[in-house]
Amino acid sequence: MPTTSPPVSAVAHAPAWARRAAHAIALCALPSGLWRIAMASGVNVGYSDRVLREVFDIPGWGIAYVVGLSVITELAALLPLLLVSDRRRPLSPRTLGALAWAASAVLIVLALWQVVVAFTVESRTYMTSGTAHAVWAIVFAPLFAIPALMTAVTWSYTKRHRSPAEG
């Protein structure tokens with residue numbers, strides 16, 4: 001007997017904390033995106049002109065890459081809102097839940113990788129001053145909250161969309 005998901009109206013609404021967490025994910029991605037756009041726009045964000053040209057290819061194709069990365073990051077940060085929305089979803093609850101758990105796992109791995117990258121010699125040698133490095137750290141620090149927030153929102157979604165038989 002095939003199992004079907006309950007109708008949207010039969011599913012409990014997302015708790016307030018899950019809604020706040022989903023919105024916080026989008027806000028956590030915003031500072032780093034704005035910092036990247038500032039870098040692409042020519043604002044001094046702590047890199048020398050030589051580093052911008054040779055490492056980031058700015059001016060040049062690097063601008064499209066940096067701005068594109070900012071846009072894609074923010075769009076991805078908006079996706080958890082699907083998990084707390086009461087509107088119709090583009091995928092079945094089971095598929096969306098599986099994708100959300102996969103995204104949570106990928107985010108955890110990426111966050112761990114970024115910690116490694118942040119403390120390597122390479123990432124420290126490009127900045128021109130300690131102040132620039134401190135600003136960089138402050139701007140990118142909120143990204144480390146995203147894996148925990150995403151996991152919490154995904155857990156809430158999965159719990160709400162469990163079939164009664166899984167109970």
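Here the structure is a predicted model, which is why all the values come from computation and not from measurement.
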Quiz item: Should Thr158 and Trp101 be marked as a side-chain contact (heavy atoms from CB on, under 4.5 Å) after you check the CA-CA gap, both sets of side-chain angles, and the distance that decides it?
Solution: CA-CA 9 Å; Thr158 304; Trp101 279 118; 2.9 Å; yes

Exercise. Can you see which heavy atom on Ala100 is nearest to which on Met150, and at what distance?
Key: O-CE, 3.9 Å

Quiz item: Going from CD on Glu54 to CG on Asp49, what distance comes out if it is rounded to the nearest 0.5 angstrom?
Solution: 11.0 Å

Quiz item: Are the side chains of His13 and Val84 in touch, meaning some heavy atoms are under 4.5 Å apart?
Solution: no

Quiz item: With respect to Leu75, which candidate in Leu79, Thr73, Val71, Ile72 satisfies the side chain to side chain contact (heavy atoms under 4.5 Å, CB included) definition?
Solution: Val71

Exercise. Find out whether Pro142 and Ser32 are in side-chain contact, i.e. whether some heavy atom of one side chain is under 4.5 Å from a heavy atom of the other.
Key: no

Quiz item: Less than 4.5 Å apart, any side-chain heavy atom of Tyr47 and any of Val55?
Solution: no

Practice problem: Please examine the side chains of Ser104 and Trp155, heavy atoms only from C-beta on, and report whether any two atoms are closer than 4.5 Å. | Solution: no

Quiz item: Side chains of Tyr157 and Leu96: closer than 4.5 Å at any heavy-atom pair?
Solution: yes

Practice problem: Could you tell me which non-hydrogen atom of Leu30 sits nearest to which non-hydrogen atom of Glu74, and how far apart they are? | Solution: N-OE1, 3.5 Å

Quiz prompt | Interatomic distance, Phe144 atom CZ to Leu149 atom CG [nearest 0.5 angstrom] | solution = 13.5 Å

Quiz item: Do Ile37 and Val66 come within less than 4.5 Å of each other through their side chains, counting heavy atoms only?
Solution: no

Quiz item: Minimum heavy-atom separation for Leu107 to Pro147, with atom names?
Solution: O-CG, 3.5 Å

Practice problem: Report yes if the side chains of Ile58 and Met39 come closer than 4.5 Å at any heavy-atom pair, otherwise no. | Solution: yes

Quiz item: When you measure from the side chain of His23 to the backbone N and O of Arg19, does any donor-acceptor pair fall under 3.5 Å?
Solution: yes

Quiz item: Is Ser156 close to Leu83 at the side-chain level, that is, under 4.5 Å between some pair of heavy atoms?
Solution: no

Exercise. Please name the pair of heavy atoms, one in Ala132 and one in Gly46, separated by the smallest distance, quoted to 0.1 Å.
Key: CB-CA, 3.4 Å

Quiz item: Hey, what do you get for CG (Leu27) to CD1 (Ile146), rounding to the nearest 0.5 Å?
Solution: 10.0 Å

Practice problem: Step through it carefully: locate the ring centre of Trp136, locate the ring centre of Phe140, and say whether they are under 6.0 Å apart. | Solution: yes

Quiz item: Distance-only, no hydrogens or angles: does the Ser85 side chain make a donor-acceptor pair with backbone N or O of Leu81 under 3.5 Å?
Solution: no

Quiz item: Where is the tightest heavy-atom contact between Pro80 and Ala22, given as atom of each residue plus distance?
Solution: O-CB, 3.8 Å

